[in-house]
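To find a chain, count down the sequence lines: A is the first, B the second, and so on, and within it residues start at 1. Hydrogens, waters and symmetry mates are skipped; everything else that's a heavy atom, side chains included, is used.
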Amino acid sequence: MGLDFTVVPKFFDVIFIGVGWTVAITIAAGLLSFFGGIVFAVVALYGPLLVRLPFRLFAWLFMGTPLLLQLFLIYFGLIQIGIDLPAFVAGVVGLGLHFAVYNSELIQASILAVDKGQNEAARTLGLSRGQALRKVVIPQAVRAVIPPIGNNMIALLKDSALVSVIGVAELTLAAQQAIGRTFRPFEFYVTAAVCYYFINLALEAGLRRIERHIQLSR
Amino acid sequence: MDFDLMMRVFPFFLEAALVTVQLSILTAILGLICGSLGAAARLSRLRFFRAIGATYVSIIRGTPALIQIFILYFGGPQIGIQLDAFSAGVIGLSVNIGAYMTETIRGAIISVDKGQMEAARTLGMSRWQTMRNVIIPQAARLMVRPLGVNINALIKGTALVAAISVIELTYTAQRYIGSTYKPFEMFLISGALYMIIIYVTGRGIAWLDRKVQIT
């Protein structure tokens, strides 16, 4: 069976919707991983011991096991305890939590690297411990790790293909639907790869703009 | 927590973990070969090879590994490449991690001080001799740790071949989750086995890193 890319345009609508879902998942999971990363970092550094220790264990488990395995755990595990999440939500939660743990490691190191004088000055000016953290230390810490967090976002976009395995209708699953009707895997997977490549380029361009903006506002 | 069940299924997970270890070792070796070739191409004096190297890295790092494996395994037969799932998995993962290793190896080589190359060339060594006897031995020390990071990612990445039904750790966990409805127990067993594989590999790399440093 030779290659025949002329069948691809007939499925442009399916592919286009898939691209839309992939972008939606990446944005939703990206936001979750960013803000989750900040929360996790604060909990890991300043939480009470009884919260900190189980959290460390959770972070350690998430960093040492494959994302695909975690997606199975979240999707089927939640069903087992009676929470029947739609696949989309399970996918976003799984991807978001996975990368939140990685972002949290970056932010923790960055919080510890913020000059101590900043915290002392803020406390002297009458800010409470929480206020100093929220308004002085964390903004500086997060700003310093935007480039590596950006790299995690790019990894997140590519790993979003994995949620097709738990049945989230995104780009990879859209390609599979088209393959199911045409039996042309090569053509449609290559099409999907091209789409991912361009989404990736757009994301990289967006991240570069954000980085430049942050450098200018310094 | 159903410990009885965990004990009963454990031998099957152990067998699957051996497949994951095999996948990881083969992928690490082939990936290092791809990475070395890629780095050689990217550092070549010939523009043609540099372009090939850059295209390889850009395409592979710009698309999901899962799609790359699907193109090879499901799309391969259309262009005359017939592979069983295990071989397709190993080749797909190796080509993928090879692109990341290309950048690691290239980064280590270009961070060796320029004066080293200039001094060796002044002493009359050819470019190739300098590379082999002066630059690469120094770069090798710098690349052990970052290559270790790549290998850590690679071990977790082997889970992807569960999607083309290679019976490794993640596939086995998925199958037992489906048949026992005990996702937490199955996650714990397979998670623990992954952690052991990653821990042992990490220790090995730390040992190698100490071994190659000049004290």
Side-chain angles (χ1 to χ4, degrees), chain A residues 1-4 22 60-81 98 151 154-166 170-173 175-176 179 183-201 203-204, chain B residues 20 58-81 96 100 152-153 155-163 168-178 180-199 202:
Chain A
M1 193 158 85
L3 296 183
D4 179 16
T22 287
W60 185 65
L61 259 174
F62 256 54
M63 304 230 298
T65 54
L67 173 60
L68 191 59
L69 192 62
Q70 292 160 18
L71 287 173
F72 288 140
L73 172 75
I74 287 169
Y75 188 53
F76 297 105
L78 288 176
I79 291 177
Q80 191 196 11
I81 56 173
H98 181 83
N151 289 341
I154 289 168
L156 188 153
L157 163 65
K158 285 180 282 171
D159 279 345
S160 74
L162 292 187
V163 298
S164 65
V165 177
I166 58 168
E170 38 67 79
L171 184 49
T172 305
L173 206 71
Q176 279 164 359
I179 291 162
F183 300 107
R184 296 207 162 269
F186 191 90
E187 288 87 338
F188 283 102
Y189 283 132
V190 168
T191 306
V194 172
C195 293
Y196 276 112
Y197 189 79
F198 282 105
I199 301 172
N200 197 14
L201 284 185
L203 178 61
E204 278 177 10
Chain B
T20 291
S58 166
I59 290 178
I60 297 295
R61 297 210 308 179
T63 55
L66 187 66
I67 297 279
Q68 292 159 17
I69 292 169
F70 282 168
I71 291 176
L72 184 61
Y73 183 61
F74 295 114
Q78 283 175 269
I79 52 168
I81 304 169
N96 180 267
Y100 293 87
N152 183 310
I155 295 171
K156 285 181 268 177
T158 59
L160 293 189
V161 299
E168 45 67 79
L169 211 37
T170 298
Y171 183 86
T172 306
Q174 183 196 4
R175 217 179 42 182
Y176 278 104
I177 288 172
T180 62
Y181 299 107
K182 300 272 186 211
F184 289 104
E185 285 85 341
M186 300 307 136
F187 176 77
L188 277 183
I189 305 178
S190 44
L193 288 167
Y194 272 114
M195 304 283 260
I196 293 171
I197 297 170
I198 286 173
Y199 178 76

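- Considering only heavy-atom pairs separated by less than 4.5 Å from chain A, the leading option among B:F184, B:Y181, B:Y199 is B:F184.
- Note on A:I199, A:L73, A:L68: by heavy-atom pairs under 4.5 Å with chain B, the leading option is A:L73.
- Here the closest heavy-atom approach between residue B:I71 and residue A:A193 is recorded as CD1-CB, 4.2 Å.
- Residue B:S58 touches chain A through both its backbone and its side chain, counting heavy-atom pairs closer than 4.5 Å.
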task = Output, in order, the C-alpha distance, side-chain angles, deciding distance and verdict of side chain to side chain contact (heavy atoms under 4.5 Å, CB included) for B:M186 and A:F72.
result = CA-CA 10 Å; B:M186 300 307 136; A:F72 288 140; over 6 Å; no
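- Heavy atoms closer than 4.5 Å to chain A are found nowhere in B:I155, neither backbone nor side chain.
- In terms of heavy-atom proximity, B:Q78 sits nearest to A:R184 at NE2-NH1, 3.7 Å.
- Summarising the geometry of B:A173 relative to A:L69, their closest heavy-atom pair is CB-CD1, 3.6 Å, with the distance given to 0.1 Å.
- Heavy-atom minimum distance, A:M63 versus B:K156: O-NZ, 2.6 Å.
- B:P183 approaches A:G77 most closely through the heavy-atom pair CG-CA, 3.4 Å.
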inquiry  = Is there a side chain to side chain contact (heavy atoms under 4.5 Å, CB included) between A:Q176 and B:F70? Walk through the geometry before answering.
reply    = CA-CA 10 Å; A:Q176 279 164 359; B:F70 282 168; 3.2 Å; yes
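- For a residue to count as touching a neighbouring chain, one of its non-hydrogen atoms must lie under 4.5 Å from one of that chain's; by this rule B:A153 does not touch chain A.
- Closest approach of A:F186 and B:G75 over heavy atoms only: CD1-O, 3.5 Å.
- The backbone N or O of B:G62 lies less than 3.5 Å from no partner atom in the side chain of A:K158, so there is not a single donor-acceptor pair.
- With sequence neighbours excluded, the residues satisfying side-chain hydrogen bond (donor to acceptor under 3.5 Å, both in side chains) with B:T170 are B:Y194.
- The contact between A:S164 and chain B is made entirely by side chain atoms (from C-beta outward), counting heavy-atom distances below 4.5 Å.
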